[in-house]
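Model, not experiment: these values are computed from the prediction. Every chain is numbered from 1, with letters handed out A, B, ... down the list of sequences.
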Number of protein chains: 2
Amino acid sequence: MQRPFVHPPIEDVTLEAILYALSDPARLEIVRKLTAGGCPMNCSTAAPVHLPKSTQSHHYQVLREAGLIRSERRGTEVVNTLRCSEIGEKFPNLMQTILKASEISPPRP
Amino acid sequence: MQRPFVHPPIEDVTLEAILYALSDPARLEIVRKLTAGGCPMNCSTAAPVHLPKSTQSHHYQVLREAGLIRSERRGTEVVNTLRCSEIGEKFPNLMQTILKASEISPPRP
DNA sequence: TCAATAGTTCAATATTCTTGAACAATCGGA
DNA sequence: TCCGATTGTTCAAGAATATTGAACTATTGA
């Protein structure tokens with residue numbers, strides 16, 4: 001049996017959990033795609049392609065539990081949406097500023 | 001022999017490392033104190049009192065390696081300063097917005 | 001009914017965190 | 001100068017998390 005998705009109410013969403021969720025490159029990329037593509041977007045579309053699907057699934061769980069995304073099953077797929085407005089109300093400018101910062105060129109390899 | 005502190009050049013400072021460093025409540029509190037107190041500030045002053053000192057030392061190392069603080073030995077103490085201007089130039093508004101968000105009331109226990 | 005699709009769950013390994021204990025460096029006073 | 005106090009670092013071991021292959025679930029379409 002597959003467990004239903006759990007989404008924390010916005011009151012329980014913490015800055016620390018958001019920062020932690022976004023501190024992983026794969027998760028940050030997912031959120032960037034969800035923002036850019038104009039949510040919603042399903043898992044396989046938003047996730048970096050090179051990761052195993054069990055790892056991807058884990059990353060979505062972290063994002064969900066941090067309160068950043070909302071996930072809904074649509075048939076065989078899962079559709080994810082950013083919880084933009086709720087987060088924007090609780091933490092003004094946070095997502096915009098972080099996403100803007102994520103456009104800065106990363107250090108050379 | 002005690003190793004000298006290593007501070008990454010600002011080009012090597014990544015958003016991910018900053019977010020990760022700030023995702024820990026103790027480290028976020030340290031940075032908040034450094035900001036509020038008008039840096040510089042030594043370790044024992046800035047760190048949450050309830051943590052073992054080896055843990056505190058570890059948190060300063062994470063902050064240092066993320067590029068958030070600069071540490072200098074002054075006699076028996078270590079003085080830490082936020083690398084405000086450098087970070088502010090590379091990631092505009094990032095620190096201000098995160099620190100502002102950190103003032104939001106956390107969820108009830 | 002069956003195969004394909006899209007994810008989830010589990011379990012094992014790998015990595016990272018936390019912290020007590022020992023150590024290092026500096027300072028101030030006797 | 002020697003000693004003890006102060007500040008913090010380093011090490012090592014156990015605790016906690018992350019990663020991922022493999023098995024499984026649910027849904028859809030033929």
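Looking only at atom types and distance, the side chain of B:Arg64 has a donor-acceptor partner in the side chain of B:Ser71 under 3.5 Å away. If you check the side chains of B:Asn93 and A:Thr97, you find no donor sitting under 3.5 Å from an acceptor.
Rounded to whole angstrom, the span from the CD atom of B:Glu72 across to the C1' atom of C:dT26 amounts to 17 Å. Going from atom NZ of B:Lys53 over to atom P of D:dA5 covers 13 Å, rounded to whole Å. Between the OH atom of A:Tyr60 and the C1' atom of C:dG7 there is a distance of 11 Å, rounded to whole Å. The interatomic distance linking A:Gln61 (CD) with D:dT17 (C1') rounds to 12 Å, in whole Å. Rounded to an integer number of Å, the gap from A:Arg64 CZ to C:dT9 C1' is 13 Å. Atom CZ of A:Arg74 is separated from atom C1' of D:dA26 by 16 Å (rounded to the nearest Å).
In this structure, A:Arg73 forms a cation-pi arrangement with A:Phe5, its terminal cationic atom sitting closer than 6.0 Å to the ring centre and no more than 45° off the ring axis.
A donor-acceptor pair under 3.5 Å links the side-chain atoms of B:Gln56 to the main chain of B:Leu51, judged by distance alone. Panel note: side chain A:Ser102, backbone A:Leu99; a donor-acceptor pair is recorded below 3.5 Å. Side chain of B:Ser23 to main chain of B:Tyr20: a donor-acceptor pair is present (N/O by atom type, distance under 3.5 Å, no hydrogens or angles).
The nucleotide whose nearest atom lies closest to any side-chain atom of B:Arg3 is, among C:dT9, D:dT7, D:dT10, D:dT10.
Counting atom types as modelled, A:Thr76 pairs a side-chain N or O with a base atom of C:dT5 as donor and acceptor under 3.5 Å.
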Heavy-atom contacts, protein to nucleotides 14-19 of chain C, under 4.0 Å, summarised as B (base), S (sugar-phosphate only) or - (none) per nt, yield ---SSB
